[in-house]
Amino acid sequence: RRTIVSRKVWAIVVVVAAALGARAQTACEPADTANAKCVCNGVTYDFSQMRNPDNTQRFTGPNGDYIYSFQMANGGLPSTFPGCTFSPDFQNGNAGAQANLDGTACYSIGVISQQQW
C-alpha cells in the first residue's frame, strides 16, 4: 500500500528543508541524526514528531515518472518498503529515495549522516 501525501505536506517538508539550509551557518550542537533532533542557537529542532496522516514517519508520494520517499527519524528509510528495495550498497541510513513507478528500481537521493543543521 502506498501512502499518498498531500501537496500541503510536501510543501511543509520543502519549507523545513529550506529553513534548515538557511540555518546551516548557525551555531548547532552535534545533531542526533538517528532521531532527527538538533539544538541550534538554543532552539531544539525535533523532526521525529513529523508524521503523515497514517501516523508513520515515512512520507511517500508520486511526482511525474517517479515516487519519492523521505524519512529523517529512526535511522531513515528501511532497506525495503512497498515499491522500493535499495541495492545492497545503499540499504542503510537513507533519508530520501526515488523509485520507478513500477517498483523495478529504487535509488538513494540523500543519507541521514549528511544532513546539515
Side-chain angles (χ1 to χ4, degrees):
R1 177 177 157 241
R2 291 193 171 118
T3 302
I4 305 302
V5 179
S6 70
R7 292 185 192 275
K8 184 176 180 180
V9 172
W10 280 109
I12 291 169
V13 170
V14 170
V15 168
V16 167
L20 286 176
R23 304 272 315 198
Q25 302 301 320
T26 63
C28 295
E29 296 175 12
D32 177 0
T33 55
N35 295 304
K37 297 178 185 178
C38 190
V39 176
C40 297
N41 290 340
V43 177
T44 299
Y45 296 90
D46 182 358
F47 293 101
S48 67
Q49 302 304 310
M50 279 178 47
R51 301 209 180 260
N52 65 37
D54 68 0
N55 201 34
T56 63
Q57 294 176 315
R58 182 175 65 241
F59 295 87
T60 299
N63 186 359
D65 294 332
Y66 301 100
I67 293 175
Y68 292 91
S69 298
F70 169 79
Q71 182 172 328
M72 288 178 65
N74 295 323
L77 294 165
S79 61
T80 186
F81 53 92
C84 178
T85 297
F86 290 109
S87 68
D89 294 342
F90 295 96
Q91 287 195 349
N92 298 305
N94 295 300
Q98 173 183 310
N100 293 343
L101 289 174
D102 62 5
T104 57
C106 186
Y107 308 96
S108 172
I109 57 173
V111 294
I112 295 289
S113 64
Q114 293 180 346
Q115 294 179 62
Q116 292 185 357
W117 295 82

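What you see below is based on every heavy atom in this structure, not just the backbone, and it leaves out hydrogens, waters and symmetry mates. Everything quoted here is computed from the prediction, not taken from an experiment.
Linking Ile, Leu, Val, Met, Phe, Trp and Tyr whenever their side-chain heavy atoms come within less than 4.5 Å puts Y66 and I109 in one cluster. When the side chains of ILVMFWY residues are joined at heavy-atom separations under 4.5 Å, either directly or via intervening members, F59 and L77 end up in two distinct hydrophobic clusters. Residue V111 is not grouped with residue F86 when hydrophobic side chains (ILVMFWY) are merged at heavy-atom distances under 4.5 angstrom, including chains of intermediate members.
Between C28 and C38, the gamma sulfurs sit at a distance of 2.5 angstrom or greater.
In terms of modelled atom types and a separation under 3.5 Å, the side chain of N41 and the main chain of A27 share a donor-acceptor contact. Under a 3.5 Å cut-off, the side chain of Q98 and the backbone N or O of Y107 do not form any donor-acceptor pair.
Residues forming a side chain to side chain contact (heavy atoms under 4.5 Å, CB included) with T85 (at least two apart in sequence, or on another chain): T80. For Q57, the side chain to side chain contact (heavy atoms under 4.5 Å, CB included) partners two or more places apart in sequence, or in a different chain, are S48, R51, Q71, A73, N74. With sequence neighbours excluded, the residues that form a side chain to side chain contact (heavy atoms under 4.5 Å, CB included) with V39 are E29, T44.
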Query - side-chain hydrogen bond (donor to acceptor under 3.5 Å, both in side chains) assessment of T104 paired with D102 - result: CA-CA 6 Å; T104 57; D102 62 5; 2.7 Å; yes

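Nearest approach of S108 to N94, heavy atoms of both residues: OG-OD1, 2.6 Å.
The line from CZ of F81 to SG of C106 is 5.0 Å long, rounded to the nearest 0.5 Å.
The side-chain heavy atoms of N100 and D65, taken from C-beta on, include no pair separated by under 4.5 Å. When side chains are defined from C-beta on, F70 does not count as touching Y68, because their heavy atoms never get closer than 4.5 Å.
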